[in-house]
Amino acid sequence: MKGPFPEKIRKLCGTRAFEVLVFVLLFAILLNGLSNIFTYKQETKVPRLYNLYDGYDRDTVDVLVVGSSHAAQVSVRDLWSRSGIAAYALISNMQSADTTYYMIREALKYQHPSVIMIETVMMPDNDLHDPDTEYEMDLHADAYFRMSPLYLQMVMDQIRRYGVDMNEGIDLLLKWPGMHMRYGELTEDDFRNTYPYVATEIDWSESFAEDPGAAQMVDTREPISVVGEYYLDKIISLCRKKGIDLFFFHAPYPTSEFATGQQNTIADIAAANNVPFIEFNSLMDETGIDFTTDLCADLNHLNQDGCKKLTAYLAEYLVSHYILEDHRGDARYVNWEKDVRAFDNDRLRQDLNDAESPAEWFDMMMERCGDYMLFLSLDGNYQINDQVPLASWLASLGITQEDYDAGGAFVFDHGTLTWCSGFAEAYVHRVENMPSDTILVRRQNAQIDTDRSNSIYIGETDYSKAINGLNITIYDPFLDEVVDSIGIDVYLGDGILRDKAKYNVD
Amino acid sequence: MLVPYTILFLSAALVFVLALVLPSYFRSGLLLLVSYVLYFLSGTKNWYILPLICLIVWAAGLLMEHVTLETTRRVVYLSALFIVLLLFFGFKFASYVPPVAGKLIAPLGLSFFALEAYSYLSDCFHGRICAERNPLYCFLYLSFFPIVTAGPIERAGSLIPQFKELDTMPRRRFIDMDRIADALILIIYGMFVKLVIADRLAILVDHIYGEYYHYGTVSLFIGMIGFGIQLYCDFMGYSFLASGLAQLFGIRIIDNFRAPYLTCSVTDFWRKWHVSLSSWLRDYIYIPLGGNRKGKVRKCLNLMATFAVSGIWHGTGLHYLVWGLLHGAGCVVSNATLKRTKQKLPVGRKLLRALWTFLVVDLFWIFFRADSLRIAFMYILRLFTRPDLWLLSDPSNFLIYGLDLREMCILLIALLVLFAVDLVDDRTGLRLDVWLAGQGKHFRVVFVLLLLFAVILYGEYGAASNPGAFFYASF
């Protein structure tokens, strides 16, 4: 024996077969990694499968909400705020019955919820709608699944169901033909989940229906498709097998008699299987939903007020019918806290964005500055325009005239001044204990008037806007996100800048 | 290609496993079966022409073997040849005959298996090979799935003995890992040049050729060069794929391309470009016409005639004929002006000559790519009379042909790989898989992995990219 390995093993390692084996192993590992990167991730501001893959801790979700856009009317954030229910919604546009089934199975690989609630508006399914559109929607939802035997099974079902031709079917099965062209559009989020929490929910409409009409409530039964019934049965069996409490609900909107009849059929199937079914069109008094005030202009979805009422009812229902732990304060459930915070930030961002003057913006910011970090810099000839009262606005933050005259940069941590550059002509200050590298810089050789002398770097982005004036960035370290970042360039007046200042050379 | 790549590769894998499991004498039969299944699945019109020609050729071969009277032998030979050529020209020129124009569509690969049929009949008649008694091998020779649609144009004397050997090959040899792994390297490289280079270049070339009438010298020059490389990568990619698939089953087929753009004359170019067609034309047209044995003038005429046949074989348009004649003239000129020497040319001189040959061949390709002779002349006229060299001052001017900066970068890097592989072939005479064998296991694994991932990530395939068929499959 020569060396640490026996001769036989060394001989085996030298064979072409071993080389091929190593090649195949490397190929499989790299392909799997790349496949995860290239899989479509969905928008960051809707509940997405990707967050279950990489974001939420395993086995933290207690309630899974599944369905089409109608299911998105249930606010999982409100369920958390009201009752500490750790719910997660898996929504896709016009989600068909088979997609709902496979979404649930995919989610169950990562989570073991106690309750699954399914919105049933799309359950009647396929040939009752436009098959082409439905196929498009199915493909859209498929793109977010990672490659797995379950994905292959789902696609095979769709190939059979829609009679997909051979070429297209193979493209779907392999997945790569549909996603490899993403090499030109990959973002940081594809490599690292930049929003491991929901961020904020689907943007509910604030519109109103002008002539909403009413749901046509009947006692008749209308048929649902064979496919719909088949997957409904499969969902019921799956939940029974896994010991998960299942219930169906039909969110309110002015349904036709036929649609109500189909929901009645679903209610019968549910009853036959001891699965609760809530027809919200029959609970208008109990929920307080009124189509004249709570329905969107599209006559199909509830508006913001309607969604709140629907969610409030469901929160009560969940608490009274199931044993669900209140997880508020539990460190494992920080993503739900982040979701609430993200929504809060989003609202503040919208308000700040709507501010009509710097004074109004400062007033709003002052009310909330105790919740955030503030990074300020006074740059260039910021004192040259007396018409822009920078000093008085900053005084409300506690910046004295002396500090104002000194210029430079300031850091406020939840309302408290923690660092200022003073008279330093040049500095590089790194803010400690921040989720992202936060660095405030003043360059020594910058040409006053024309060169950008100060920068506020968070991560790799420079948030300073004004060249001569004030830059302020509101940053939330809890979510590692910038809530707002503005500049007031005194050379350009007292308007709020959200893009880099540009001087008209002419 | 016969069918989508995935179907093709899955079929090949399945047949390989079956060939391994079944008794060895079933292998050729299995290959014949899968060849016809794939041919039928391709949806080609008039698919029955292939088995019909196989039957005629096999029967004529046997008859020629059994008949002792020379005149009868000749009648059998010429009759079979006549039928094959009638079918070939009938389908080729059907579009010029009003009653059948647009109705009589040539079956896939007719140009290729017709030439193979011709060579089989000729070789049998002239006694270069014995007629094959077993129809299985004769049918398989003409229908073998890796080569049936776009070649290489094989000879019965090379292929049939290999099929017979395959049917007696012990399992241990059949699963020779060296051969199988090398076959996969050929397939991967073929897919790389086809999907990453040829199909990407096709976007640029189609764009320029489609709107040649408003472009000047620089753009048209890029289009000209682009098509030269596109065609090379397209056809060479197919040939590597065919070689790899055949080699998977232990069948060695001719190397159809040997770094042709690094040659120093048009004559040399044809020794390394579409080698199977060049050698077919040499053996069945040029030499029977007298080759170089009947004086210099006759040699020139023979060359011109041979290339005229080559042009007609490629297509029925006048532009194909002109393209063939230009190459004939190119060979005549290069034979007359360049002395053949055994001494190696200095690198600089060789480089210059190779560049010149590359440009001349690319210029000729304009006739090949253009939709008509008139368009080819218009293209060339604009190429030489609309100078717009100022475009060279700003690289962003080159991003208007349908490829953005990222696509251009991918293309340029891929072209560097192609150039390096061709350079290796030119310097060492070794095909990629053979050269890699001498570079160490680690390099080979990394190199092939990179090629494979380049194909998966940057290949033009899937619904979004509308991948093109192989160019030569249309002839």
Side-chain angles (χ1 to χ4, degrees), chain A residues 10-40 135-136 138-140 142-143 147 152 155-156 159 162 164-187 190-191, chain B residues 1 3-11 41-43 172 175-185 188 195-196 199-200 403-410 433 436-437 439-467:
Chain A
R10 290 200 313 138
K11 227 176 173 179
L12 185 74
C13 291
T15 61
R16 192 72 188 268
F18 184 77
E19 183 187 327
V20 171
L21 184 71
V22 170
F23 179 90
V24 170
L25 277 175
L26 283 173
F27 174 71
I29 292 165
L30 290 170
L31 189 72
N32 182 52
L34 282 171
S35 180
N36 292 341
I37 291 169
F38 274 71
T39 298
Y40 285 87
Y135 177 53
E136 285 299 314
D138 271 8
L139 293 191
H140 192 65
D142 292 353
M147 174 58 90
L152 295 176
V155 172
M156 286 300 290
I159 289 171
Y162 294 104
V164 179
D165 74 37
M166 185 172 67
N167 286 354
E168 197 173 337
I170 288 168
D171 281 5
L172 280 176
L173 282 169
L174 291 178
K175 216 165 192 291
W176 273 102
M179 67 186 190
H180 78 108
M181 292 301 278
R182 291 197 71 226
Y183 65 78
E185 61 179 51
L186 294 176
T187 64
D190 288 305
F191 293 82
Chain B
M1 189 42 67
V3 287
Y5 300 121
T6 331
I7 300 281
L8 181 75
F9 296 145
L10 283 175
S11 308
L41 280 180
S42 72
R172 206 181 168 78
I175 53 162
D176 173 23
M177 199 48 83
D178 275 321
R179 193 197 74 239
I180 294 166
D182 284 349
L184 294 177
I185 290 174
I188 290 168
L195 295 183
V196 181
D199 286 350
R200 186 166 267 102
L403 297 180
D404 59 19
L405 185 63
R406 180 179 49 242
E407 295 295 304
M408 281 287 195
C409 289
I410 293 167
D433 53 325
L436 279 174
Q439 305 307 310
K441 290 191 288 269
H442 300 92
F443 178 79
R444 181 161 58 187
V445 167
V446 172
F447 182 81
V448 180
L449 264 181
L450 287 175
L451 281 183
L452 185 53
F453 277 109
V455 173
I456 291 171
L457 296 184
Y458 301 126
E460 294 284 332
Y461 65 98
S465 58
N466 188 24

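Letters go in sequence order (proteins before strands), and every chain restarts at 1.
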Does any backbone or side-chain atom of [X] lie under 4.5 Å from a heavy atom of chain A? Answer side chain, backbone, both or neither.
X: B:Val448; answer: both
X: B:Leu452; answer: side chain
X: B:Ile410; answer: side chain
X: B:Tyr458; answer: both
X: B:Leu405; answer: neither
X: B:Asp182; answer: both

* Asked: Taking side chain as C-beta onward, heavy atoms only, is B:Met177 less than 4.5 Å from A:Val20?
  -> yes
* Asked: Any side-chain heavy atom of B:Arg406 sitting closer than 4.5 Å to one from A:Tyr183?
  -> yes
* Asked: In Å and rounded to the nearest 0.5 Å, what is the NZ to CZ distance from B:Lys441 to A:Phe18?
  -> 9.0 Å
* Side-chain (A:His180) to main-chain (B:Glu460) donor-acceptor, under 3.5 angstrom -> no
* Check the pair A:Glu19 / B:Asp178 against side chain to side chain contact (heavy atoms under 4.5 Å, CB included), numbers first and verdict last. => CA-CA 10 Å; A:Glu19 183 187 327; B:Asp178 275 321; over 6 Å; no
* Between A:Trp176, A:Phe27, A:Phe38, which has the largest tally of heavy atom pairs under 4.5 Å with chain B? -> A:Phe27
* Asked: Heavy-atom distance under 4.5 Å to chain B: side chain of A:Leu31, backbone, both or neither?
  -> both
* Asked: In terms of heavy-atom proximity below 4.5 Å to chain B, should A:Leu174 be classed as side chain, backbone, both, or neither?
  -> side chain
